[in-house]
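For reference, the structure is listed below as structure tokens.
Atoms within a ligand are numbered from 1 in the order they appear, just like the ligands themselves. Keep in mind that the numbers below use all heavy atoms, side chains included, and drop hydrogens, waters and symmetry copies. Numbering of residues begins at 1 and proceeds along the displayed sequence.
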Amino acid sequence: MTVSQEIRLASRPVGEPSAANFELVATEAPEPGEGQIVVRNTWMSVDPYMRGRMDDAPSYIPPFALGAALEGSAIGEVIASRSAAVPVGATVSHFLGWREYAVLDAAAATVVDVSAAAPEAYLGALGTTGLTAYAALTRTAPVHEGDVVLVSAAAGAVGSVAGQLARKLGASRVIGSAGGPDKTKKLLDVFGFDAAVDHRRGNLAEQLAEAAPEGIDVYLDAVGGDHLQAAVGAMRTGGRIALVGAISGYNATERAPGPDNLFQVAAREVTLRGMLVSSHFDLFPEWTGKAAGWLADGSLHTEQTVVEGIAQAPEALLGVLRGANTGKMLVRLGAQR
Ligand code: NAP
């Protein structure tokens with residue numbers, strides 16, 4: 001028998017989650033039914049939206065079930081197949097992460113091209129975080145030639161791609177916000193931002209006024225709260241804001257008041273628009289075609305923060321919520337026994 005370890009939701013957190021909310025359980029690796037495959041997961045993604053799924057609250061995606069394995073994006077190798085469409089040996093992406101081996105319908109897996117990029121890239125720049133940046137800056141809050149663009153959580157998975165993409169789309173100045181001096185230095189030195197704001201230093205409005213004295217045309221908001229308020233205050237007439245996430249509130253136990261300066265949205269005719277990446281999957285071929293080329297020619301720089309082993313996956317999720325990552329937070333699974 002092959003043992004497959006998985007992480008289950010042991011309890012729902014109040015406020016910031018802890019390791020006690022998760023349970024590591026050893027199960028028997030599954031056998032495939034007709035039309036199914038068994039995947040040995042090699043990489044899994046932890047993402048901020050998973051925090052919301054730990055709550056029993058209505059959202060755009062159902063909550064994780066208590067006592068059951070969590071779910072999320074993963075990459076792995078097909079080790080058994082009862083489907084002609086997906087052969088043994090293929091590398092696939094699918095949605096049954098948080099476990100070492102997964103059994104699923106072949107139709108629920110996507111074979112990825114490992115000659116175009118490393119398998120784990122399909123959980124980052126070539127996956128939904130890269131696509132989020134692309135859809136936000138081309139559809140939700142399109143960047144026009146000469147725009148000044150602000151990106152929050154700019155050293156993270158979505159943000160680090162978004163900053164570089166904004167430049168490729170014609171931005172004249174790209175500003176990023178991140179937490180702490182190491183990350184803001186990296187924004188300038190490695191990810192190609194023109195200016196960086198350190199949200200841990202406080203006074204975002206003042207820092208923004210210095211970084212973008214003539215204001216902002218496009219803001220990709222991953223943070224909400226104080227970041228959104230400061231950005232609204234800095235928007236130029238006709239500006240566009242993509243509401244992509246609001247991570248500053250994900251662990252909140254009480255609702256935070258919204259920005260108190262929304263009249264400026266009206267006065268400057270700013271567009272504020274939310275987006276969910278799942279509504280933009282039609283852009284995947286267009287985006288991965290471009291991004292794979294940019295990764296190969298070195299004009300798109302990506303980073304990963306890698307945590308080792310299924311047992312550490314909860315810590316990786318807690319880390320992404322605290323800002324422990326630069327670039328995409330990933331868990332490498334060592335199921336090869
Ligand atoms: P990420 O940026 O790689 O990681 C999250 C980052 O958020 C942390 O590294 C941390 O960076 C920052 N952060 C945490 N608490 C913060 C706070 N109170 N104030 C400011 N920054 C804080 O994660 P990601 O996967 O790329 O996701 C980024 C955002 O996009 C999240 O809000 C996520 O929910 C959203 N998202 C939305 C969609 C969609 O379909 N709408 C899809 C993907 C992602 P610092 O150390 O710099 O603070």
Are Arg273 and Asp221 ion-paired here, with the side-chain N under 4.0 Å from a carboxylate O? no
Those residues at least two apart in sequence (or on a different chain) that pass side chain to side chain donor-acceptor pair (under 3.5 Å) with Asp182 are none
salt_bridge(Glu120, Arg332) N-O dist < 4.0 Å: no
The answer for which part of Ala155 has a heavy atom under 4.0 Å from ligand 1 is neither
To the nearest 0.5 Å, how far apart are NE2 in His199 and OG in Ser248? 9.5 Å
Looking only at non-hydrogen atoms, which of Ile247, Asp221, Leu187 approaches atom 13 (N) of ligand 1 most closely? Ile247
At under 4.0 Å between heavy atoms, what of Lys183 touches ligand 1? The answer is side chain
Between Arg82 and Glu31, is the closest basic N to carboxylate O distance under 4.0 Å? no
Can any side-chain N or O of Asp198 pair as donor or acceptor with the backbone N or O of Gly179 at less than 3.5 Å? no
Atoms of ligand 1 close to Ala246 [distance to a heavy atom under 4.0 angstrom, numbered from 1]: 32 (O)
Checking the N or O distance criterion of under 3.5 Å, is ligand 1 in contact with His227? no
Classify the contact between His199 and ligand 1 as side chain, backbone, both or neither, using a heavy-atom distance cut-off of under 4.0 Å. side chain
Closest approach of Ala117 and Ala121, non-hydrogen atoms and distance? CB-CB, 4.0 Å
Atom 37 (C) of ligand 1 has as its nearest protein heavy atom Val244 O, 3.0 Å
Indicate yes or no: does an N/O atom of Pro48 lie under 3.5 Å from an N/O atom of ligand 1? no
Heavy-atom nearest neighbour in the protein, as seen from atom 9 (O) of ligand 1, with distance rounded to 0.1 Å: Asn325 OD1, 2.6 Å
Report the distance from atom OG1 of Thr138 to atom NE2 of His280, rounding to the nearest 0.5 Å. 8.5 Å
Proximity of Ala222 to ligand 1 by residue part, where a heavy atom lies under 4.0 Å: both
The atoms of ligand 1 lying under 4.0 Å from a heavy atom of Val223, numbered in the order shown, are 19 (N), 20 (C), 21 (N)
Yes or no: does Ser278 have any heavy atom under 4.0 Å from an atom of ligand 1? no
Give a yes or no on whether a salt bridge exists between Arg8 and Glu23, defined as a side-chain N under 4.0 angstrom from a carboxylate O. no
Would Arg322 count as a polar contact of ligand 1, with the cut-off being nitrogen or oxygen pairs under 3.5 Å? no
Contact between Gly249 and ligand 1, counting heavy atoms under 4.0 Å? no
Are any of the N/O atoms in Met275 less than 3.5 Å from those in ligand 1? yes
Just to confirm my output: which protein heavy-atom neighbour is closest to atom 42 (C) of ligand 1, and how far is it? Thr132 OG1, 3.2 Å
I need the contact type for Val158 against ligand 1. Using non-hydrogen atoms and a strict under-4.0 Å cut-off, is it side chain, backbone, both or neither? both
Can you tell me which portion of Thr128 lies within the under-4.0 Å heavy-atom range of ligand 1? Options are side chain, backbone, both, or neither. neither
Within ligand 1, which atoms have a heavy atom of Ala178 less than 4.0 Å away? 47 (O)
Quick check: closest heavy atoms across Gln207 and Gly202, and the distance to 0.1 Å? NE2-O, 2.8 Å
Please report the closest heavy-atom contact between Asp47 and Ser45, naming both atoms and the distance. OD2-OG, 2.6 Å
Under 4.0 Å from any heavy atom of Ala153, which atoms of ligand 1 are there? 2 (O), 7 (O)
Going by heavy atoms, is Asp226 under 4.0 Å from ligand 1? no
Decide, yes or no, whether a salt bridge links Lys186 with Glu303 under the criterion of side-chain N to carboxylate O below 4.0 Å. yes
Is it the side chain (CB and beyond), the backbone, both or neither of Val277 that lies under 4.0 Å from ligand 1, heavy atoms counted? both
Testing the 3.5 Å rule here: is there a donor-acceptor pair between the side chains of Tyr101 and Thr27? no
Ring-plane angle category for His301 and Phe191, please: parallel below 30°, perpendicular beyond 60°, tilted otherwise. tilted
Kindly confirm or rule out an N or O of Gly245 lying under 3.5 angstrom from an N or O of ligand 1. no
